[in-house]
Each structure stands twice: as structure tokens, then as C-alpha cells.
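Keep in mind that this is a model prediction, so the values were computed, not measured. Both ligands and their constituent atoms are indexed starting at 1 by order of listing.
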Amino acid sequence: MILELEAIAAGYGAKTVVSDLTFRVAAGEIVALLGHNGAGKTTTLKTAMGLITPRAGMVRLAGAPLTRAPVAERVARGLRLLPEGRGIFPDLTVAENIDVVAARLAGRGAMFAPADLYRLLPVLEERRGTRAGSMSGGQQQMLAFALAILGTPRCLLLDEPSIGLAPNLVERLFAEIRNVCRAHGVAAVLVEQNVAAAMALADRVVIMNGGRVVFDGTPQAARESNLWEHF
Ligand SMILES: Nc1ncnc2c1ncn2[C@@H]1O[C@H](COP(=O)(O)OP(=O)(O)O)[C@@H](O)[C@H]1O
Ligand SMILES: [Mg+2]
């Protein structure tokens, strides 16, 4: 297992929004994490990343207990978050965005150095000198994805990467996610409102409702379950 969340309880102030949450992600596996708005998906990803300290439960990365480890340690071990609403520097150019992150993450022997990103995502090569904030939503999201995979990722936490993208761009982005995960053995937890696309890509589907896991199984079983009708 690359990522294990075990009996997690987490929230904000006095409010608990995730309770007794358990799921595991195997190396190279793509898990779609689905559920209504407010179900606790973003809170779950933030807890895995160490941005929120859980009130109870355990987080393990490749078997190592990291429940209270700093974000930087998780990043160094290959956990990466593509945050809701993109994680780019809008006032820097594409190349500057990549170089800033690469300076910390893409040392010798890295799985993805800047040159690999430009090869993988030609749109970034074409826009190297463009201010990131002036690009289209789709191009910005490709850049956010590129920043998330720089270095040597083991498990990507992708929080609604397709939001605001035209259908053909969603297809492009998902093809890149598939390629990175399949060709390089990188795992991903994919939070999506685009349920059909996420289910088509995923090996497994976890559905949350009211801060709890209410389904954990194959996309096929998810489609066949009655639960499905509610999402
Ligand atoms: N920073 C915050 N402070 C207080 N409540 C929050 C905060 N972020 C999220 N919440 C609440 O936690 C619940 C779960 O939110 P979230 O994890 O963002 O759900 P999802 O990503 O599934 O839409 C919601 O009721 C939301 O209003
Ligand atoms: Mg969210």
C-alpha cells in the first residue's frame, strides 16, 4: 500500500466533518473519491497531505506512520497534492513556475524533470514564456498537473482537476493522468465532480457521504449499486 488512511476523524474547530474514515491506495492504483459537495473529500485529501491534523486515526505512506509528519516530509516521500482551484503562481511564466518547483523537487534521478514535462505536455513547451495567469483554464490546469508530478511522485492527490475545463481538455488531462499512473506506477486519488470520466479512469471507487465512506469497490460494482443513484 502506498497510502493508508485508517479510522480518520478530522474537522475544523468544534466541527467534525470526517469520521471513522478508512481507505487504502495500492502502488500504481487510481482511486476515484466521489461524493456530494460538502461530503468531506477535500478535508480527506488535506488530512492525507498533512495540512490538517486528524483528531483520531492514522495516516501511513508506504507503510511509514506519518499522521503528524510535516507536509515537507510527505512531499519528499512522494505524496503530492493538486489543490482545489489550481496550485500555480499566476504572475510567473510557465517556465518560472516549473523552475521554482523543480529547484526543490527534481534533483538528479528524478522521475520527472522539467525537460520530461515539456515532452509530456507540449502545450507547456509552447507557452514557456507566457504568464501562467493569462493562460486558458485548461492550460493552467495542465501546468498545475505538471507541478504536481515534478520530481518523483508516488501518490497524487488530485482535487477536482477537471473543474472548469471543456470536455476535450478533460479528456486530454485524464489521458495524461492515466499515462503518468500506468507508465510510471504512480498512484492517484482523484476527487471529481465529473463522475463518468473519473469512473472510466479509476481502478477503484470510494464514495463518501456525510464524512464517511459509504462505498468502496470496483467501478463496475459502483455502477450496479443502488447507492449510485444518489450520486
Ligand atoms: N476551512 C473550513 N472551516 C470550516 N468548515 C469547513 C472548512 N472547509 C470545509 N469545511 C466544511 O467541511 C465540510 C466538508 O467540506 P469539504 O471537505 O470541502 O467537502 P468536499 O470537498 O467533499 O466538497 C463542509 O461542510 C464544509 O463546509
Ligand atoms: Mg472539495
Side-chain angles (χ1 to χ4, degrees), residues 3-25 29-59 61 66-68 70-71 74-75 79-88 90 137-138 140-145 147-149 153 155-165 169-170 173-174 177 187-202 204-217 219 222-223 225 227-231:
L3 176 66
E4 297 168 85
L5 302 182
E6 209 175 285
I8 295 287
Y12 307 90
K15 194 160 101 184
T16 298
V17 303
V18 166
S19 327
D20 195 26
L21 178 130
T22 297
F23 73 86
R24 301 183 176 84
V25 184
E29 188 180 32
I30 302 177
V31 175
L33 180 61
L34 308 176
H36 292 302
N37 243 338
K41 305 180 300 294
T42 294
T43 304
T44 299
L45 295 191
K46 284 182 172 172
T47 305
M49 197 67 224
L51 299 169
I52 293 176
T53 303
R55 301 197 174 128
M58 288 275 285
V59 178
L61 201 56
L66 288 178
T67 311
R68 278 164 185 80
V71 176
R74 298 175 208 229
V75 172
L79 193 63
R80 300 294 158 75
L81 174 67
L82 191 165
E84 218 170 2
R86 306 191 182 115
I88 63 172
Q140 290 188 33
Q141 203 55 282
M142 286 293 178
L143 176 59
F145 179 68
L147 298 183
I149 65 172
C155 183
L156 306 172
L157 307 172
L158 306 172
D159 201 346
E160 306 205 13
S162 81
I163 205 147
L165 300 194
L169 288 175
V170 175
L173 179 65
F174 277 35
I177 295 171
V189 180
L190 177 62
V191 169
E192 264 300 332
Q193 295 299 331
N194 197 329
V195 167
M199 298 254 290
L201 182 63
R204 233 175 69 233
V205 175
V206 173
I207 301 175
M208 289 182 71
N209 194 19
R212 292 171 188 273
V213 172
V214 294
F215 177 90
D216 186 338
R223 284 188 203 97
S225 77
L227 239 185
W228 185 245
E229 292 164 17
H230 303 294
F231 293 92

Check: For ligand 1, which atoms, with element, lie under 4.0 Å from some heavy atom of N37?
Finding: 23 (O)
Notebook entry, point to check: Where's the contact between M208 and ligand 1, heavy-atom distance under 4.0 Å: side chain, backbone, both or neither?
Noted result: neither
Margin query: Tell me the closest heavy-atom pair linking P161 and L173, and the distance in Å.
Written below: O-CD2, 3.5 Å
Next item on the list: For the pair T16 (side chain) and A10 (backbone), establish whether a donor and an acceptor sit closer than 3.5 Å, ignoring hydrogens and angles.
Entry: no
Check: CD of E160 to NZ of K41: how many Å apart, nearest 0.5 Å?
Finding: 6.0 Å
Notebook entry, point to check: What's the spacing between L66 CG and E4 CD if we round to 0.5 Å?
Noted result: 10.5 Å
Next item on the list: Using a cut-off of strictly less than 2.8 Å, determine whether T42 has an N/O/S atom near the Mg ion (ligand 2).
Entry: yes
Margin query: Using side-chain contact (heavy atoms from CB on, under 4.5 Å), reason through I8 and V59 one step at a time and then give a plain yes or no.
Written below: CA-CA 8 Å; I8 295 287; V59 178; 3.9 Å; yes
Note to self: Measuring from non-hydrogen atoms of E84 to any atom of ligand 1, is the shortest distance under 4.0 Å?
What the structure shows: no
Check: To the nearest 0.1 Å, how far is atom 13 (C) of ligand 1 from its closest protein heavy atom, and which atom is that?
Finding: V17 CG1, 3.6 Å
Item checked: Protein heavy-atom partner closest to atom 27 (O) of ligand 1 - residue, atom, separation in Å -> K15 NZ, 4.0 Å
Note to self: Looking only at distances, can you tell me whether any N or O atom of A39, backbone or side chain, sits closer than 3.5 Å to an N or O atom of ligand 1?
What the structure shows: yes
Next item on the list: Examine E84 and say whether one of its N/O/S atoms is closer to the Mg ion (ligand 2) than 2.8 Å.
Entry: yes
Next item on the list: Specify the protein heavy atom at minimum distance from atom 9 (C) of ligand 1: its residue, its atom name, and the distance to 0.1 Å.
Entry: Y12 CE1, 3.5 Å
Next item on the list: For atom 14 (C) of ligand 1, state which one of G13, A14, G11, G38 supplies the nearest heavy atom.
Entry: G38
Notebook entry, point to check: Among L79, T42, L82, which residue meets the side-chain contact (heavy atoms from CB on, under 4.5 Å) test with L157?
Noted result: L79
Check: Please state which protein non-hydrogen atom is closest to atom 19 (O) of ligand 1 and give its distance, to 0.1 Å?
Finding: G40 N, 3.2 Å
Checklist line | Stepwise side-chain contact (heavy atoms from CB on, under 4.5 Å) test for L34 and F215 | finding: CA-CA 10 Å; L34 308 176; F215 177 90; over 6 Å; no
Note to self: Please determine whether any non-hydrogen atom of G35 lies less than 4.0 Å from an atom of ligand 1.
What the structure shows: no
Notebook entry, point to check: Taking non-hydrogen atoms only, is T42 closer than 4.0 angstrom to ligand 1 via side chain, backbone, both or neither?
Noted result: both
Next item on the list: Find the distance between CD (E192) and CG (L158) and round it off to the nearest 0.5 Å.
Entry: 8.5 Å
Item checked: Nearest-neighbour protein heavy atom for atom 17 (O) of ligand 1, which is reported as residue plus atom name and distance -> T43 OG1, 2.5 Å
Check: Does the side chain of R212 reach to within under 4.5 Å of the side chain of L21, using non-hydrogen atoms?
Finding: no
Notebook entry, point to check: Of all the atoms in ligand 1, which lie at a distance below 4.0 Å from a heavy atom belonging to H36?
Noted result: 22 (O)
Note to self: Could you measure the distance from the CD1 atom of I163 to the CD atom of E84? Nearest 0.5 Å is fine.
What the structure shows: 7.0 Å
